[in-house]
Amino acid sequence: MHSFKKFYELTLLRRFAAIFVLTAMFFAGCAPAQQSHGKTVITVWHWMSDREEAFLELARRYQEQTGIEVRFELYAPSEAYAQRVKASAQTNKLPDVFGILGEKRDFASFIKSGYVANLTEAMNAPEASGGTWRESLFPRALSVNEFLNGNEHGVPFGIYGAPLDVMTIQMVYNRELYRQAGLDPDSPPRTWAEFMAHCEALKQKGIPRFVSGFGEIWLIDALASNFAMNIMGEQKVFDTYAGKVPYTDPDWVRTLALFKEMTDAKVFVDGAVTMVNKTAEQTFANSRAAYAFNGSWCVNVYAGMNPTLDYAPMLPPLVNETNPPRIWGGAGSSLVVNGRSAHVEEAIKFLRWFTAESQQAYLCEKTLNLPSNAKSLGQIPPVLAQFADDMDHVTHPSLYPVNELPAVIEAFDKGIQSIMIGEKSPEQVAEEVQRVKEKEMKKQG
Amino acid sequence: MNTRSALSLTGTANEVNYERVKKLTVSVFVHAFLVLVSFSCLFPLWWAFASSLKTQQTVFTDLSFFPSQPQWQNYLTAWTKANFGLYFLNSLFYTVCVVVGVLLIASMAAYAFSRLQFPGKNVLFLVLISTMMIPIPGSFIALYVLLNKLGLVDTRLGYILPQINGGLALGIFLLKTFFDDLPKELEDSARIDGCGRFRVYWHIALPLARPALAVLAIFNILAVWNEYILAMLVLSAKQLMPLQRGLMVFQGAHITQYPLLMAGIVITILPVLAIYLMLQKHIIKGITAGAVKG
Amino acid sequence: MNLHRVRHIVGNYVFVLPALLLFLIFSIYPFYKVFQLSITDWDGISPQLNYIGLANFIDLFTDNPVFWHSMRNAFYVTFLALTVQNFLALGLALLCDRDIKGGNVYRVIFYLPPVLSGIVVGLIWNWIYDGNYGLLNHFLAFIGLEDLSRAWLADSRTALIAVSIIHMWKGFGWGFVILLAGLQSIPRELYEAARVDGANAWVMFRHVTVPLMIPVFILVSILTILGTMQVFDIIIATTGGGPGYHTEVPITRIVSTMIGSSKFGYACAMGVVFGLILLAISMVQIKASKMMRQV
C-alpha cells in the first residue's frame, strides 16, 4: 500500500524543482547593474531592428565625441513597440527620445499629453557652420512632423519631430522584362493609355504584369488616392473628406473603375489582392512581375534578394494629364524628444547631430534608406537617387488639411478588394462607401 | 493484438492466413495514413532547415531538396548576431520558473476543485477559467500600469508572474479533468493510513496525474519559449531579454534576412523538441494501471 | 467540533489560495480596466477619460455588421476545427495509443506544427496556395485538374476554407497530445477484461474508450472552441482579413479598431461582448457535459 513512496521519488515536479533552484542560484549572482550615476545618459527607443547595428555604431561615435552616453533600446516588432510606448505614456515612463508609430491623430494625442517637445526654436536657431537645422533637412520630410496654425487636431503650431530618413511610395518597373517584351526600357508608361498598352504587350509575351501587397490595405489606399488626386485634383479629394463631395461623384467612380479595368485586363498578378507585401517583394525581385507598387525601402529589399535586378522607379500613370501626378512620401521614420524628460536640451542636441550630414550619409550607406539630410544626397546609389527625384510630387495623409475617417478609409479599400475579385461593381462600392461616410459623419456630430 | 493472434492459432491454417493478410492490409493502410500526415508536418521543418543553408538571393529561387552549396556558417552568424548565448540562459530560467509555477499552483487548485469541499467552489472555478475566454485588447496597457505600481517593470519577476497567471486557467481546467477521472481508492486508503490532505495530494494524486502534468508542461514550455510581446512590454535591459528578442534582429520593418532567420528558428526549435521528446515518455507510460494494482 | 470543521474548510482554501492571489492581482485589474474603458471613447494615448455610457455597445449591436460577419466566419472555422481537426487528432491518437511500430516517432512528428513559428507557417502556406507557382496548383495540374487551380487565398469562394485548413493543420497536434494522454490514462485491465469477454475493437472503443474519454473530449472541444474563435496570427500572415471581409475574424476586427482607428474604448467593448459570448458557449458546453456524464 505504500507504493506511493516510489512515485514520490519519481515526481516530475521534484526534478523541475531541483533545476529551478540551481538556475535561480545561478541568476541570483548576476542581476543586471545598469544605473550609471552622475553622468547624463540619453535613452532612445526605436523599433527599427534592421538599423540597430548602425544606430549602436553612431551612439559609440557620439560618446567618443561628446562623452555623453546614448542608449538605444530596440523594441520589435512594431506592434510590440507601439504597445510599449502607449503603456509607458500612461505611467510617465517614456524615454528621452522615442518614435511615434501611427497616424497624425496619434501624434497629436501624444503632443497634447505633453510627451513631445516643440522643436521649432531649435530648428530655426542658426548653427555655427551657417544655416539652420531646419534648412539642412528635406522640407517634405519636416512637414510630416509639422502642425500648422489652425490644424484640425488643435495642436499649437510647430515642428515636433526630426526625420531620420525620407521615402516615397511609387511604382517600379523591371527593365529586363521590358526588353523581353520588346518595349523600350528607358520609357516607362507615362499615361494610363500607355500603361494599359504596355500591359497588353507584356501579356502577349506571357510576362506577369503588376504585383503589390494589396492584402495590406494601406497600399491600396495609397495607390487609389494617387489616382483620385490625379483625376479630380487634390482640392476635390479634400472636399470629399470634409463631406462636401459624395463618393458617388463620377470622378470617384472613375477612380474605382480603374481597378475594374485593370482586373478585367488581368493586369494584377494572381492573388495580389490578399498578398502580404513581403511576398509581393519576392515576386518582383525574382522578375515574376513587370511592375510593383512599393516604397523606396524596396531598394534595400531587392538588393538583398537579387542584386542584379535591373529596375527603375516610375510615377503611377497619369489618368488626367491636366493635373499633376501625386504620390505618397515624406519622412519614413522620425524621432521626437520627450517634453517631460530631464534632458530635453541634451536630447535635442543629440538629434541635431544624428540628422547632420555625415551621420545621415553613414546611415544611408548602411541601410540604403533615403537620407533626410539633403546634403547627404550626393553620396547615395543611383537607383535611390531616382526615387529622390520624384520628391516634388510627394504628398501624404499627414500633410492633408483634412483627413478621412478610418472607417470610411477601410470601407473604400476593402471595396476595391471586392472590385478586384469581381464581387462588386465600382458604382456599388461608391454607394456603399458613401453610406458609411454619412453614417460616420453623423456619429461625429 | 497478441491475444487475438494467439486465439486464431486454434483455427485452421486457412483462417490463419486470412487473419494475417487482413492484419497486413490494415497495417499498410494505417502506416500509409500516418506517413502522409507525418510528411505534411515534416515538410515545413525541412523547408526551414534547407532555407537556413541558402543565401538571401537563393532562398526563394533555389527550390532544391538540399542546397548544393550549404551555407553552414549561417548558423554561426545567426548565433552570434542574435546574441543567443545570453538569451538562451534567460529563456531557460523563465521557462523553468513559469512551468514549475504553473504546474504547482494549477495542480493544487485543480486538486481542490476536484476532490475537496468548500463553499463557493463552483463559482470560483468558473471565474478562474473564464480568464481564458475574455481576450483583453487593452490588457497590456493595464498590465503595464499595474506592474509599474508594484515596482516590477524591468524585473524578471514582473515577466514571470503574469505568465504563470496566464497559464493557470488552462492548467486548472486540464488537470481537474484528469483528477476527476482518477480512481479514488488509493487516496482513501492513504487517508485511512493517516495521511493529511497535502500528503495525499503530493504523494498520491500528483504522481497519478503524471501524463496530464507532462501535457501541461509541454504546452507551457512552448508558450514561454515563444513569448516576446510581454517581454518587449515589461523588460528593457538586454541582459533580461528572452530568446525571441534575438530573432528580431533578422526581421526588420522592411528587410527580413530569411536564411539567418530560419537558422535562428531551427536553433530555437531544437530544445523544445528535445524536451518534448523527454516529456512525452511520461504521457505514454500510463502509470494509472500499475498504481491501481499496487 | 465546529472549530475543527472550520479549520478543515480553511485548509481546503489554502489549495486554491496561490491561484486566487495571482488571479486577483494580475487578472482583476486588467478586467476592470477593460470594462471601464469600454464605456469611454479613449484613443489609447490621452490622459483623461471621457465617459460615453453604453454608446459603444449600442453601436456594436445595432450598427456594426462587419463585426458580426467576422463572428460568423469564426464560427465557420470553429465548426470545421471541432469536426475535422478533432477527428483527425482522435484518429491519430487512437493509432498511436496502440503499440504500433514507430509510435514514438509519430508522436514527435505530430507535435511539429504547433512548435513551428508563425513566420514559417505563413511562408510555407502562402507558397502552397500561390496562384502562379503554388504547390497545390502544380499538384492539380499533375492529376489533370488544372481547371480548379486558382490563387486560393485571394478567391472569395476558397479564402476562408484555405485559412481554416492552415489553422487545423497547425492545431491538431494540441488535441492529439491531450487525447493521447487521456487514452494512456485508461487502465489496460479494462481492455483486457473486455477482450476476454470476446469484445471486438469497435465494441471496446464504444463501451470502454468513449465513456471514459468523455471528459477529455469536452476539454479538447472547449479548448478548440476558445483557440479557434480567437484565431488571429494565421489570418494576418496570409490574407489580412481579405479579400474584402471574407476572412475577417473578431480578433482582427478588435485589433484594427484599436490600432488602425485608435478607438481603444470601442475595441474594449468589442472584447467584452466577444468574451461574454465565449463564456456563454463554454458554459453551455460544461452544462451539456455534466448532463452527458449523468446519463
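FYI, side chains are in, hydrogens and waters are out, and symmetry mates aren't considered; it's all heavy atoms of this structure. The structure displayed is predicted, hence computed values, not measured ones. Order of the sequence lines sets the chain letters (A, B, ...), proteins ahead of strands, with each chain counted from 1.
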Top contributor to chain A contacts, counting heavy-atom pairs under 4.5 Å, from [options]:
options	answer
Q48(C), R253(C), R150(C)	R253(C)
G44(C), A159(C), A55(C)	G44(C)
G122(C), S262(C), G134(C)	S262(C)
L153(C), T257(C), D63(C)	D63(C)

Name the region of [X], side chain, backbone, both or neither, that has any atom closer than 4.5 Å to a heavy atom of chain C.
X	result
K439(A)	side chain
E410(A)	both
T279(A)	side chain
E216(A)	neither

message: Going by the rule side-chain hydrogen bond (donor to acceptor under 3.5 Å, both in side chains), which residues pair with S256(C) if we only count those two or more places apart in sequence or in a different chain?
response: none

message: If you define the side chain from C-beta out and look only at heavy atoms, does anything of V255(C) sit under 4.5 Å from E79(A)?
response: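 No, every pair of side-chain atoms sits at 4.5 Å or beyond.
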
field: Point-to-point distance, once rounded to the nearest 0.5 Å, from CD of Q282(A) to CG of L123(C)
entry: 6.5 Å

message: Let me confirm one number: the CG-CG distance from N137(C) to D270(A), rounded to the nearest 0.5 Å.
response: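 Rounded to the nearest 0.5 Å, the CG-CG separation comes out at 8.5 Å.
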
Against chain A, label [X] side chain, backbone, both or neither, depending on which of its atoms sit under 4.5 Å from a heavy atom there.
X	result
I236(C)	backbone
A237(C)	backbone
D155(C)	neither

query: What option among M275(A), Q417(A), K112(A) has the most heavy-atom pairs under 4.5 Å with chain C?
result: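 Highest number of pairs under 4.5 Å: Q417(A).
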
- request: Please test H246(C) against T274(A) for side-chain contact (heavy atoms from CB on, under 4.5 Å), starting from the C-alpha separation and ending with a verdict.
  value: CA-CA 11 Å; H246(C) 287 287; T274(A) 53; over 6 Å; no

- prompt: Within the distance-only criterion (no hydrogens, no angle test), does the side chain of Q90(A) pair as donor or acceptor with the backbone N or O of P47(C) below 3.5 angstrom?
  reply: no

message: Assess whether a salt bridge exists between D43(C) and R105(A), defined as any Lys/Arg side-chain N lying under 4.0 Å from an Asp/Glu carboxylate O.
response: no

query: Would the number of heavy atoms belonging to other residues, nucleotides or ligands and lying under 6.0 Å from CZ of R157(C) be above 12?
result: no

message: Are more than 12 heavy atoms, taken from residues, nucleotides or ligands other than K104(A), located less than 6.0 Å from that residue's NZ atom?
response: yes

query: Of the non-hydrogen atoms in S46(C) and S113(A), which two are nearest, and what is the gap between them?
result: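 Reported closest heavy-atom pair: CA-OG, 3.7 Å.
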
- request: Kindly determine whether K414(A) and V66(C) satisfy side-chain contact (heavy atoms from CB on, under 4.5 Å), including the steps that lead there.
  value: CA-CA 11 Å; K414(A) 291 272 192 183; V66(C) 172; over 6 Å; no

